[in-house]
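When reading the values below, keep in mind they use all heavy atoms of this one structure, side chains included, and skip hydrogens, waters and symmetry mates. We number each residue from 1, following the sequence as shown.
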Amino acid sequence: MGKGQGLLHGQVRRQEIREELLIYIGKSERNQRSLFILFFIISVFTIYLDYSAHKDISSPVIVFTSLWLFICTLASLRLYGFTGYSEKTIGYITCGSVAFSLGAFSSTLVNKQTTKQTRYAHLRGKNLQTSDGNQQQLCFTFLEMILALACVGSALSLFYSLNAFRSGASYMEVRGSRLGYNDEQAFSNPIVGLFVTYFCGPAMTVLIPIAIVFLFKKQHKKFNLIVFLCALSDVISSGGRIQIIYIVSQLIAAFFYYRKTISSKTKKIIKNATIIGIVMLFVLTSLRTSQNFLQAIYTYFTLPVGLFSYYTSIVDVNNFESFGAATFYPLFYVLASVASFFGAKTSFLDNLIYYVGLPQETWTSTLFPTGSYNAFCSLFYFFYLDFRIVGIVLFSLLYGFMSGYVYKKQRTRTNDIWFMFYLLILQTIVGSFIIFQLGNTKFFVSLFIFGIAILLGKKEIKEES
């Protein structure tokens, strides 16, 4: 073959490859659109079915399904140069969303008899009076001690951030130091850093729902004020937007829970607090990025689909499977720490820690033309690590059942402890587009603090009786 013929043949072959690639991409996009349409129809039907049953937009099924419908709708638009996701990703999310809803619906069968007897009992004035006694199952003295320590952490965080701002640091630089992304750490003393990260943060996770309940019940006003001031301080010092989203979603849930008993003044306070939260979200977004607000919000809620697709492809290539250890990560992290202390490290635990931490440690710039992103792998990544598609279905089902069970309990009991617990669960649902919150070590600490407050409260009641 002559030189000219060889060049011509090469050009023809490259053209054929391009055409084959375009055909493949076209088929892939059509399949993605078909899966998204299926997901959309199922989600709308599920939301309608759940709302017909509960008349509550803060139910776990509505919150979870609406959140993921919103995220997948944004991702399907492919705006701002978003490169998209693999064909399987929407299928995985569809399976997980359906399984979560089935799990939540099945929890109704467990609570069916109780629901018929006491549904909405907590909204009647007489029971509200008796629930105050039940609420004292929380040891308030213990909560005050926890709040005092959390205040110390909030003050330290704010002091560091203000110093950094005075030195000319940007919000992104300060946040990077707080999260360990920069060489310069936020706290020079590692003990202080551990205290703020692994105690103060989890403590605030518990104290905020408790303060919200006290706010609606018009109790412990000074306690509530200090909690919300600490939360405000933490938002200012870290630039974290997710805390605002958590608080707003919990306030909305509390509004629907207490809506028949609260005064117009309280409703106005909640309305103003929600507006302030939205304004703060806008301001923080503007300070943290050079993108316009709509583009920043689009990126924020589109990342879970893209990063979930990205990290699962890495897991597939390396053929790692964690067999349940990723979903119950805090327990295995403790086990790995103990094994390491005694010099008995295993490759499985080492790989587990690596792949669970991979989304946090690895940055990718392949999703958008500008910027590198990490962390937002979603709860489905952890389920996928365990048993692939089976893990997504199985653990979504269990997670939905647990969420639905707690939701039913808080609707059929006069004890506000169950509602506080549901507000914690609601935070994990809202944060499901980031990571699996229940498999997070810091959230595990939050549940531990909440459990201690309940146990000490019950002990106080026994001693008084």
Side-chain angles (χ1 to χ4, degrees), residues 58 121-151 153-154 200-235 243-244 246-274 276-277 406-407 409-411 413-427 430 446-447 449-461 464:
S58 63
H122 65 274
L123 297 175
R124 295 195 290 269
K126 181 179 178 181
N127 285 320
L128 276 171
Q129 295 296 321
T130 59
S131 72
D132 289 341
N134 288 334
Q135 189 168 288
Q136 296 308 311
Q137 286 179 350
L138 286 177
C139 179
F140 190 69
T141 302
F142 174 72
L143 293 177
E144 288 180 312
M145 292 172 57
I146 296 297
L147 178 57
L149 293 172
C151 286
S154 295
C200 296
M204 289 303 299
T205 297
V206 174
L207 293 173
I208 289 172
I210 293 173
I212 287 174
V213 170
F214 287 161
L215 173 66
F216 278 86
K217 304 278 285 186
K218 297 183 179 180
Q219 299 172 340
H220 308 297
K221 294 182 180 179
K222 290 183 179 179
F223 178 88
N224 301 340
L225 178 61
I226 296 173
V227 169
F228 290 124
L229 285 176
C230 284
L232 177 62
S233 173
D234 291 342
V235 169
Q243 186 64 66
I244 299 174
Y246 289 153
I247 293 175
V248 169
S249 62
Q250 289 172 337
L251 282 172
I252 292 172
F255 174 83
F256 281 96
Y257 185 81
Y258 294 111
R259 66 186 180 276
K260 294 185 180 180
T261 62
I262 58 178
S263 64
S264 57
K265 182 180 178 181
T266 304
K267 291 179 181 179
K268 186 176 180 181
I269 292 173
I270 301 306
K271 180 182 177 180
N272 291 336
T274 302
I276 291 171
V406 175
Y407 176 73
K409 284 293 185 182
Q410 58 90 24
R411 284 171 66 88
R413 292 290 183 270
T414 58
N415 193 326
D416 292 312
I417 298 290
W418 277 106
F419 181 61
M420 293 175 184
F421 189 27
Y422 179 65
L423 290 181
L424 285 171
I425 297 300
L426 180 63
Q427 175 170 322
V430 173
S446 299
L447 293 179
I449 293 172
F450 189 58
I452 293 296
I454 294 174
L455 291 175
L456 291 177
K458 288 183 176 180
K459 184 179 179 182
E460 286 182 348
I461 292 175
E464 289 175 359

- Report the distance from atom CD of Gln243 to atom CD of Gln427, rounding to the nearest 0.5 Å. 6.5 Å
- Query: So do Asp416 and Leu138 actually touch side chain to side chain, heavy atoms under 4.5 Å?
  - Reply: no
- Message: Check whether Tyr246 reaches the backbone of Ile208 with its side chain - one donor and one acceptor, N or O, closer than 3.5 Å.
- Response: no
- Item | Leu143 side, atom CG; Ile449 side, atom CD1 - distance, nearest 0.5 Å | 10.0 Å
- Note on the structure: Value for OG1 (Thr266) from CZ (Arg259), rounded to nearest 0.5 Å, stands at 15.5 Å
- Gap separating the OH atom of Tyr407 from the CZ atom of Phe419, nearest 0.5 angstrom: 10.0 Å
Side chains of residues 224-231: which donor-acceptor partners sit under 3.5 Å, not counting sequence neighbours?
residue	atom	partner	partner atom	Å
Asn224	ND2	Gln219	O	2.9
Asn224	ND2	His220	O	3.3

- Inter-residue atom distance Ile146.CD1 - Met204.CE, 0.5 Å rounding: 12.0 Å
- Query: How would you list, by chain and number, every residue that makes a side chain to side chain contact (heavy atoms under 4.5 Å, CB included) with Ser264, sequence neighbours excluded?
  - Reply: none
- Message: Tell me the closest heavy-atom pair linking Thr205 and Pro209, and the distance in Å.
- Response: O-CD, 2.9 Å
- Proximity of Tyr422 and Tyr257 rings by center, below 6.0 Å: no
- Query: Less than 4.5 Å apart, any side-chain heavy atom of Ile454 and any of Lys458?
  - Reply: yes
- List in chain and number order the residues that pass side chain to side chain donor-acceptor pair (under 3.5 Å) with Ser249, two or more places apart in sequence or in another chain; answer none if no residue qualifies. none
- Note on the structure: When rounded to the nearest 0.5 Å, the distance separating NZ of Lys409 from CD1 of Ile417 is 14.5 Å
- Message: Going by the rule side chain to side chain contact (heavy atoms under 4.5 Å, CB included), which residues pair with Ile452 if we only count those two or more places apart in sequence or in a different chain?
- Response: Phe142, Phe448, Leu456
- Task: May I ask you to decide if the ring planes of Phe223 and Phe214 are parallel, tilted or perpendicular, using 30° and 60° as cut-offs?
- Result: perpendicular
- How would you list, by chain and number, every residue that makes a side chain to side chain contact (heavy atoms under 4.5 Å, CB included) with Lys271, sequence neighbours excluded? Ile275
- Task: Measure the shortest side-chain to side-chain distance between Ile270 and Phe216 over non-hydrogen atoms and say whether it is less than 4.5 angstrom.
- Result: yes
- Message: Using the side chain to side chain contact (heavy atoms under 4.5 Å, CB included) definition, which of the options Val213, Val206, Ile212 pairs with Ile210?
- Response: Val206
- Query: Of all residues at least two apart in sequence or in a different chain, which pass the side chain to side chain contact (heavy atoms under 4.5 Å, CB included) check with Lys267?
  - Reply: Phe255, Ile262
- Item | For Leu423 against Ala253, the heavy-atom pair lying closest together | CD2-CB, 4.0 Å
- Taken in chain and number order and not counting sequence neighbours, the residues that satisfy ring pair (Phe, Tyr, Trp, His ring centres under 6.0 Å) with Phe450 are none
- Non-neighbouring partners of Ser446 that pass side chain to side chain donor-acceptor pair (under 3.5 Å), sequence neighbours left out: none
- For Phe421, enumerate each residue passing the ring pair (Phe, Tyr, Trp, His ring centres under 6.0 Å) test, keeping only those at least two apart in sequence or located in another chain. none
